[in-house]
S.K.: 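So that we are looking at the same thing, I have put the structure below in structure tokens.
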Amino acid sequence: MLALIFSCMLQQTSIVDKASSAFFYLILISWTQFGDLIISNMSDLSSATFGLFAAELMTICLTWSLRAQQLASPYSTRVRVFWGFTHPNMIGSLAEILIFAALTLLILQWKKIFRTIKWYALLIIAVQSVYIIKVSDSRTSLFSTIVFVGFLALEWLRRVSKKWFLFVLISLLPVVTLVAVNFVQSYLLNDVAFMSRLNFGLMKATPLTALVGNGMVSNADLNMSNMNGAHGEMAAALLFYKNGISGIIGYVAIFGNLWLHLRVQANHLQKIIGAALLSAILVGSIGEAYIVNITNVFPMLGLILLSSLTYNQNIFQSNFERNLLDESAYQATEEYN
């Protein structure tokens, strides 16, 4: 992790830019390694979830008039609604993390909040967020959400019947592989927006920039003649541009450390939700620079929640409180038997 800070000091940038880069990664490290001190209980997560939802709803209401103009003018060959947000993927990623947070609260606090005002409010947040992802046409948010929900659905099925779980899992492997291959061949490879993120043909890296990167950069002002990699929307390419090989090593260390600690998490349900969240974040980073952009809401709440689920030992759930997965799985098992 110190490789990220070290690489900033060796970059061919001004003192101010070096300090800016170092501060950026100090924040990132604090989110991923000390998030359990920020979100330490369900009350903290509830406050963050409802606060973000209120801010999103207020922005949509205040900029509702922009919707008609956006519907009349297709964005990047697609009709995408994003109201007062700067980009469709920004509101899409906000809706995505609200789904993750709402489902986490619903699952872990099911017995406590079932059919209360909070329960209905969380359902409204989840449903509204699905609608936002649909109208913003944010494909990365959609894929990441499918990964997160699919992970939890498989865990539920495992609790209902291990035989059916193994059958579905084995059946899904070839299906997912065929769908993925077909999606890449027929869609991604013919999509200009995605292919531009894989354009490594302009790589002109010096030995120093390849090792430590070029420093902080605005995605809108990338100097393509001096890029280490591709456009700034793909996490791996942007990371290589900003911090070179040392940055990639630093990120592997950060997320590897999270994964190792998640594996030994005593609370199994926290481990499952954490693994689902980690998978969704990494999948999303293929299409968006989630993990190298702290100015977006998604990495802030997503990484802090991931860290909290990883390092907090059984804080989110009482041992004597049945959660949603346990409750629904128990009922399904009774019916199955």
Side-chain angles (χ1 to χ4, degrees), residues 24-60 82 85-109 118 121-130 132-133 136 138 140-149 151-152 235 251 254-255 258 261-262 270 272-285 287-312 315-316:
F24 174 97
Y25 288 113
L26 283 174
I27 293 177
L28 179 74
I29 292 171
S30 69
W31 287 351
T32 56
Q33 304 305 310
F34 305 104
D36 54 315
L37 302 178
I38 303 173
I39 296 180
S40 59
N41 51 54
M42 300 305 292
S43 178
D44 292 339
L45 181 58
S46 296
S47 299
T49 302
F50 287 110
L52 285 176
F53 177 70
E56 177 195 57
L57 194 60
M58 185 181 301
T59 303
I60 291 175
F82 49 101
F85 291 83
T86 58
H87 193 280
N89 288 341
M90 181 168 288
I91 189 174
S93 65
L94 177 56
E96 174 190 353
I97 193 58
L98 283 173
I99 291 175
F100 297 171
L103 288 180
T104 299
L105 287 166
L106 283 170
I107 292 172
L108 295 178
Q109 284 195 311
K118 184 177 181 180
L122 289 171
L123 285 181
I124 290 173
I125 289 176
V127 172
Q128 188 258 10
S129 297
V130 171
I132 292 296
I133 292 177
S136 66
S138 177
T140 302
S141 298
L142 175 62
F143 297 150
S144 298
T145 302
I146 290 174
V147 169
F148 183 82
V149 175
F151 213 110
L152 297 181
Y251 266 81
I254 289 174
F255 285 92
L258 282 170
H261 281 83
L262 195 61
Q270 281 184 215
I272 292 298
I273 298 176
L277 181 56
L278 177 60
S279 300
I281 290 174
L282 294 180
V283 168
S285 294
E288 295 293 332
Y290 284 150
I291 58 177
V292 291
N293 182 4
I294 64 171
T295 61
N296 198 320
V297 174
F298 178 91
M300 177 179 67
L301 182 55
L303 295 177
I304 291 174
L305 178 57
L306 174 59
S307 175
S308 194
L309 288 167
T310 301
Y311 296 116
N312 275 326
I315 274 185
F316 288 105

S.K.: Between Trp31 and Ser307, which heavy-atom pair has the shortest distance, and what is it?
M.R.: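 Closest pair (atom of Trp31, atom of Ser307, distance): O-CB, 3.2 Å.
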
S.K.: Would you find a donor on one side and an acceptor on the other, under 3.5 Å apart, between the side chain of Ser30 and the backbone of Ile27?
M.R.: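 Judged by distance alone, yes, a pair lies under 3.5 Å.
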
S.K.: Is there a donor-acceptor pair under 3.5 Å between the side chain of Thr104 and the backbone N or O of Phe100?
M.R.: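 Pair found, side chain donor or acceptor close to backbone of Phe100.
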
S.K.: Between CD1 of Ile29 and CG of Leu303, what distance do you get to the nearest 0.5 Å?
M.R.: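 Interatomic distance, Ile29 CD1 to Leu303 CG, rounded to 0.5 Å: 12.0 Å.
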
S.K.: Test Ile254 against Leu28 for side chain to side chain contact (heavy atoms under 4.5 Å, CB included), laying out the working first.
M.R.: CA-CA 10 Å; Ile254 289 174; Leu28 179 74; 4.3 Å; yes

S.K.: Can you give me the closest heavy-atom contact between Leu277 and Leu309, atom names plus distance?
M.R.: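 Looking at all heavy atoms of both residues, the closest pair is CD2-CD1, 4.4 Å.
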
S.K.: With rounding to the nearest 0.5 Å, note down the distance linking CG in Leu278 to OG1 in Thr310.
M.R.: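 Spacing of CG (Leu278) from OG1 (Thr310) equals 7.5 Å.
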
S.K.: Identify the two heavy atoms, one from Pro88 and one from Ser138, that lie closest to each other, and give their separation to 0.1 Å.
M.R.: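 Nearest pair, atom of Pro88 first, then Ser138: O-CB, 4.4 Å.
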
S.K.: With heavy-atom distances below 4.5 Å as the criterion, would you say the side chains of Leu301 and Ile39 are in contact?
M.R.: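 Side chain of Leu301 against side chain of Ile39, heavy atoms only: contact under 4.5 Å found.
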
S.K.: Got a donor-acceptor contact below 3.5 angstrom from the Asn89 side chain to the Gly92 backbone?
M.R.: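 Here the side-chain-to-backbone pair does not exist.
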
S.K.: Carefully, step by step, assess Leu122 and Gln109 under the rule side chain to side chain contact (heavy atoms under 4.5 Å, CB included).
M.R.: CA-CA 11 Å; Leu122 289 171; Gln109 284 195 311; 5.9 Å; no

S.K.: Under a 3.5 Å distance rule, please check whether Thr145 uses its side chain to pair with a backbone N or O of Ser141 as donor and acceptor.
M.R.: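 Answer holds: yes.
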
S.K.: Using a 4.5 Å cut-off on heavy atoms from C-beta on, say whether the side chain of Phe151 contacts that of Ile273.
M.R.: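 In short, these two side chains do not touch, never coming nearer than 4.5 Å.
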
S.K.: State, to 0.1 Å, how close Ser129 and Ala95 come at their nearest heavy-atom pair, and which atoms those are.
M.R.: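 Closest approach of Ser129 to Ala95, heavy atoms only: CB-O, 3.3 Å.
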
S.K.: So how far is it from Glu56 CD to Ile97 CD1, rounded to the nearest 0.5 Å?
M.R.: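 Output value for this atom pair is 12.0 Å.
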
S.K.: One pair to check against side chain to side chain contact (heavy atoms under 4.5 Å, CB included): Val283 and Phe148. What are the steps and the verdict?
M.R.: CA-CA 10 Å; Val283 168; Phe148 183 82; over 6 Å; no

S.K.: Show your working on side chain to side chain contact (heavy atoms under 4.5 Å, CB included) between Thr140 and Ser93 and close with a plain yes or no.
M.R.: CA-CA 8 Å; Thr140 302; Ser93 65; over 6 Å; no

S.K.: Locate the shortest heavy-atom distance separating Gln33 from Tyr311; write the atom from each residue and the value.
M.R.: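 Distance-wise, the nearest heavy atoms are OE1-OH, 2.9 Å.
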
S.K.: Would you mind reporting whether Gln128 and Ile132 have side-chain heavy atoms less than 4.5 Å apart?
M.R.: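 Side-chain contact under 4.5 Å: yes.
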
S.K.: For the CD1 atom of Ile60 and the CZ atom of Phe82, what is their distance to the nearest 0.5 Å?
M.R.: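 The distance works out to 12.5 Å.
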
S.K.: State the CG-CG distance between Asn41 and Asp36, to the nearest 0.5 angstrom.
M.R.: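 It comes to 11.5 Å.
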
S.K.: Hey, are the side chains of Ile38 and Asp44 touching, using non-hydrogen atoms and a 4.5 Å cut-off?
M.R.: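 They are not in contact (no side-chain heavy atoms under 4.5 Å apart), so the answer is no.
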
S.K.: Considering non-hydrogen atoms only, spot the tightest contact between Gly274 and Leu262 and give its length.
M.R.: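 Closest approach of Gly274 to Leu262, heavy atoms only: C-CD2, 3.5 Å.
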
S.K.: Could you tell me the separation between the CG atom of Leu306 and the CD1 atom of Ile281, rounded to the nearest 0.5 Å?
M.R.: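 Between Leu306 CG and Ile281 CD1, I get 5.0 Å after rounding to 0.5 Å.
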
S.K.: Is it the case that the side chain of Gln270 and the backbone of Asn312 share a donor-acceptor pair, with hydrogens and angles ignored and the cut-off at 3.5 Å?
M.R.: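 Looks like yes, one N/O pair under 3.5 Å.
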
S.K.: I'd like to know if the side chain of Thr49 and the backbone of Ala101 have a donor-acceptor N/O pair within less than 3.5 Å.
M.R.: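 No; zero donor-acceptor contacts below 3.5 Å.
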
